[in-house]
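Note sheet for the following structure.
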Amino acid sequence: MFQIDLKNRKPIYEQVIDGFRQQIATGSLKEAEKVPSVRDTAKALGINPNTVQKAYRELENLGYFYTVMGQGNFVALPPEDARRQEVDALYCQAAKLIAQLLLRGQSKEEILKSLEAKINVAN
């Protein structure tokens with residue numbers, strides 16, 4: 001299970017959403033896999049069950065979860081449009097970070113070389 005950073009300015013329910021989205025993206029949670037109950041997740045993360053319920057509702061609205069009455073919540077792969085929007089948003093964030101590096105005197109070549117080195121380490 002992922003961790004919640006209580007010092008983070010991001011709301012706790014959004015951190016829960018991000019944690020589950022990351023687990024789905026990395027394959028830790030697979031399609032049709034049952035996710036822990038609201039109560040179990042709240043206990044594991046040390047947060048209020050109402051906060052977890054809010055995150056689960058939002059994950060369902062976003063297409064990451066679906067509910068089977070009497071059985072719980074399960075992982076759904078989000079629609080292609082949602083995935084494309086997320087990827088576009090990540091590229092926008094990356095572009096802003098690269099712009100900051102350029103403003104701090106880094107050349108395109110230095111940025112690319114550093115990114116390639118970090119990607120190779122991650123793989």
Side-chain angles (χ1 to χ4, degrees):
M1 176 85 36
F2 49 88
Q3 298 294 315
I4 297 298
D5 180 3
L6 298 176
K7 295 179 183 176
N8 191 329
R9 292 180 151 217
K10 186 177 246 186
I12 293 172
Y13 84 96
E14 288 183 11
Q15 292 183 51
V16 173
I17 291 169
D18 291 347
F20 277 110
R21 287 170 56 179
Q22 183 175 11
Q23 286 188 325
I24 293 167
T26 61
S28 296
L29 286 174
K30 302 199 181 332
E31 186 176 14
E33 184 175 338
K34 188 175 193 288
V35 296
S37 70
V38 168
R39 185 171 295 175
D40 289 344
T41 299
K43 187 175 181 180
L45 297 175
I47 59 176
N48 189 305
N50 292 331
T51 302
V52 176
Q53 182 61 46
K54 182 176 182 179
Y56 276 31
R57 249 192 329 269
E58 184 63 22
L59 285 161
E60 188 168 357
N61 290 338
L62 292 169
Y64 286 93
F65 284 4
Y66 63 92
T67 302
V68 176
M69 290 303 214
Q71 294 185 17
N73 295 296
F74 296 84
V75 175
L77 291 181
E80 184 62 34
D81 289 344
R83 286 188 287 223
R84 190 174 326 131
Q85 287 176 352
E86 286 181 348
V87 168
D88 288 345
L90 289 170
Y91 275 118
C92 286
Q93 289 176 358
K96 289 176 186 176
L97 292 172
I98 290 169
Q100 289 179 16
L101 288 167
L102 291 169
L103 287 172
R104 286 170 175 76
Q106 298 293 300
S107 70
K108 283 171 81 172
E109 293 77 19
E110 290 171 320
I111 294 169
L112 288 172
K113 186 176 179 182
S114 180
L115 287 173
E116 285 176 359
K118 293 188 185 322
I119 289 170
N120 288 335
V121 168
N123 289 330

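Quick note: residue numbers are just sequence positions, from 1.
Using a 4.5 Å heavy-atom threshold, the side chains of Phe2 and Val16 count as touching. For the pair Asn73/Tyr66, no side-chain contact is recorded, criterion being any heavy-atom separation below 4.5 Å from C-beta on. Residues Glu31 and Ile24 form no side-chain contact, since every pair of their non-hydrogen atoms from C-beta on lies 4.5 Å or further apart.
The hydrophobic cluster containing Met1 also contains Leu6, counting ILVMFWY residues as joined when their side-chain heavy atoms lie under 4.5 angstrom apart, directly or transitively. Transitive grouping of hydrophobic side chains (ILVMFWY, heavy atoms separated by less than 4.5 Å) brings Leu45 and Ile12 into a common cluster. Under a hydrophobic-cluster definition in which Ile, Leu, Val, Met, Phe, Trp and Tyr are linked whenever side-chain heavy atoms come within less than 4.5 Å, directly or via other members, Val52 and Ile4 are assigned to the same cluster.
Under the rule for a side chain to side chain contact (heavy atoms under 4.5 Å, CB included), the partners of Ser114 that lie at least two apart in sequence or sit in another chain are Lys118. A search for side chain to side chain contact (heavy atoms under 4.5 Å, CB included) contacts involving Leu102 returns Ile98, Lys108, Ile111, not counting sequence neighbours.
Counting only N and O atoms by type, the side chains of Tyr56 and Thr41 include a donor and acceptor under 3.5 Å apart.
In this structure, Gln15 contributes its side chain and Asp5 its backbone to a donor-acceptor pair below 3.5 Å. Under the 3.5 Å distance criterion, the side-chain polar atoms of Gln100 are left unmatched by any main-chain donor or acceptor of Leu97. A donor-acceptor pair under 3.5 Å links the side-chain atoms of Asn120 to the main chain of Glu116, judged by distance alone. For the pair Thr51 (side chain) and Ile47 (backbone), a donor-acceptor distance under 3.5 Å is absent. For the pair Glu110 (side chain) and Ser107 (backbone), a donor-acceptor distance under 3.5 Å is present.
By the 6.0 Å contact criterion, NZ on Lys34 is enclosed, its count of non-hydrogen atoms from other residues, nucleotides or ligands being greater than 12. At most 12 non-hydrogen atoms from other residues, nucleotides or ligands lie less than 6.0 angstrom from CD of Gln22.
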